[in-house]
Amino acid sequence: MKSILIIEDEKAIAELERDYLESHGFSVEIEGRGDIGLQKALEGSYDLIILDVMLPKLDGFEICRQIRQAINIPVLMVTAKKEDIDKIRGLGLGADDYMTKPFSPSELVARVKAHLARYERLTAGRSEGSHEQIRIRGLMIDKTSRRVTIHDKEAMLTSKEYDLLLLFAAHPNRVFEKEELFERIWGLDSNGDAATVTVHIRRLREKIEHDPSNPQYIETLWGVGYRFKV
Ligand code: CA
């Protein structure tokens, strides 16, 4: 059974979310305080976190940032304020998705299922073949822990950056068009477009390339797309 942590201080909302998710076969825990929620997220073994933005003690932005630095599971942010959405996007917190309140519980369940399925798809490659790690020059991708190091120094990637890098590295020299990358990595999300890919590739390069303007790994083929050089 997949387990979900809801960090939400509005009891009625949290309970509504819980009831819906439980009726769809998920195991759910609720935490109303931000600081305790973060602690639980880091110490527990949840498959997904639903995270409110305005919380007592510690806000959702900071919680998301800290979760991302430590573990790689889907984080779905919820907020009552539309202006928070820009902040979630702009800060590059690494949230996998976001929803504005009020939303329908069935929409929430659909998104939760989509993100869990996506994570499973991305980690399913582990059992195919014996290579748990991909090593290309100074770059190492550990598929089991979803960690990336560059010359033995860990690169802190968001989940989307990791997914992109893994897709490239698993298909060296294959040319991907932006639209294809968007479809494969973001597929089920309704937000964003192919321009999102450009932004993520730029951030990814800043994290893995010695000189992002002269990339050694992800090469731009102008007017065509991108390719992972080996
Ligand atoms: Ca709140």
Side-chain angles (χ1 to χ4, degrees), residues 47-48 64-76 88-97 114-189 191-222 224-230:
D47 297 293
L48 182 141
C64 184
R65 200 180 61 76
Q66 292 201 33
I67 289 175
R68 263 299 154 261
Q69 285 183 354
I71 49 176
N72 211 329
I73 56 169
V75 177
L76 211 166
I88 293 169
R89 282 180 178 157
L91 290 175
L93 295 168
D96 292 85
D97 204 352
H115 285 288
L116 288 171
R118 187 171 61 82
Y119 267 62
E120 272 186 0
R121 241 186 3 257
L122 290 161
T123 50
R126 287 179 201 171
S127 50
E128 300 163 8
S130 56
H131 297 294
E132 300 282 314
Q133 292 183 344
I134 297 176
R135 287 173 185 275
I136 298 155
R137 296 187 296 278
L139 179 74
M140 193 276 289
I141 303 170
D142 186 313
K143 292 198 268 181
T144 309
S145 61
R146 291 173 62 91
R147 280 158 64 108
V148 173
T149 58
I150 183 86
H151 298 297
D152 295 325
K153 196 169 168 285
E154 183 159 7
M156 292 299 185
L157 304 188
T158 65
S159 62
K160 290 285 199 289
E161 289 163 358
Y162 176 87
D163 295 345
L164 263 177
L165 180 63
L166 183 60
L167 178 63
F168 275 118
H171 302 90
N173 288 326
R174 180 185 183 298
V175 177
F176 287 97
E177 290 179 10
K178 258 188 236 178
E179 289 71 19
E180 184 184 358
L181 290 170
F182 184 74
E183 224 176 279
R184 290 181 71 148
I185 305 292
W186 281 264
L188 293 157
D189 298 358
N191 302 300
D193 54 34
T196 311
V197 175
T198 316
V199 174
H200 278 75
I201 287 183
R202 179 167 52 75
R203 292 195 186 135
L204 181 57
R205 279 177 176 154
E206 283 165 6
K207 294 179 183 180
I208 66 166
E209 296 283 359
H210 174 64
D211 175 8
S213 57
N214 181 25
Q216 301 303 301
Y217 294 105
I218 299 170
E219 184 182 25
T220 302
L221 301 167
W222 294 107
V224 183
Y226 301 95
R227 160 172 82 182
F228 194 87
K229 287 197 279 191
V230 290

Expected output: side-chain Lys207 to main-chain Met156 donor-acceptor under 3.5 Å: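 Pair found, side chain donor or acceptor close to backbone of Met156.
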
Check: Gln216 side chain, Asn214 main-chain N or O, donor-acceptor pair, under 3.5 Å: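 Pair found, side chain donor or acceptor close to backbone of Asn214.
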
Check [X] against [Y] and note the closest heavy-atom contact, atom names and distance.
{"X": "Leu181", "Y": "Tyr226", "answer": "CD1-CD1, 3.8 Å"}
{"X": "Tyr162", "Y": "Arg147", "answer": "CE1-N, 4.2 Å"}
{"X": "Leu166", "Y": "Ile134", "answer": "CD1-CD1, 3.8 Å"}
{"X": "Ile185", "Y": "Arg118", "answer": "O-CD, 3.6 Å"}

To the nearest 0.5 Å, what is the distance between [atom1] ([X]) and [atom2] ([Y])?
{"X": "Ile201", "Y": "Glu206", "atom1": "CD1", "atom2": "CD", "answer": "12.5 Å"}
{"X": "Leu157", "Y": "Asn72", "atom1": "CG", "atom2": "CG", "answer": "9.0 Å"}
{"X": "His115", "Y": "Ser159", "atom1": "NE2", "atom2": "OG", "answer": "9.0 Å"}
{"X": "Ile141", "Y": "Ile136", "atom1": "CD1", "atom2": "CD1", "answer": "6.0 Å"}
{"X": "Glu209", "Y": "Ile218", "atom1": "CD", "atom2": "CD1", "answer": "7.0 Å"}
{"X": "Glu154", "Y": "Gln69", "atom1": "CD", "atom2": "CD", "answer": "10.0 Å"}

Heavy-atom neighbours of Asp211 CG exceed 12 at 6.0 Å: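 Result for CG/Asp211: enclosed.
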
With Glu179 via salt bridge (Lys or Arg N to Asp or Glu O under 4.0 Å) - residues at least two apart: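 Result, salt bridge (Lys or Arg N to Asp or Glu O under 4.0 Å) vs Glu179: none returned.
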
Lys NZ or Arg CZ of Arg146 over Tyr119 ring: under 6.0 Å, within 45°: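 Yes, Arg146 lies over the aromatic ring of Tyr119.
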
Pair Arg205, Thr220: side-chain N/O donor-acceptor within cut-off below 3.5 Å: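 Yes, side-chain donor-acceptor contact under 3.5 Å.
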
Student check: side-chain heavy atoms of [X] and [Y] closer than 4.5 Å:
{"X": "Leu165", "Y": "Phe228", "result": "yes"}
{"X": "Asp163", "Y": "Trp186", "result": "no"}
{"X": "Arg203", "Y": "Val199", "result": "yes"}

CA sep, side-chain torsions, deciding dist, call: Phe176, Val197, side chain to side chain contact (heavy atoms under 4.5 Å, CB included): CA-CA 11 Å; Phe176 287 97; Val197 175; over 6 Å; no

From CA spacing to verdict: salt bridge (charged side-chain N to carboxylate O under 4.0 Å, His left out), Arg68, Asp96: CA-CA 10 Å; Arg68 263 299 154 261; Asp96 292 85; 2.6 Å; yes

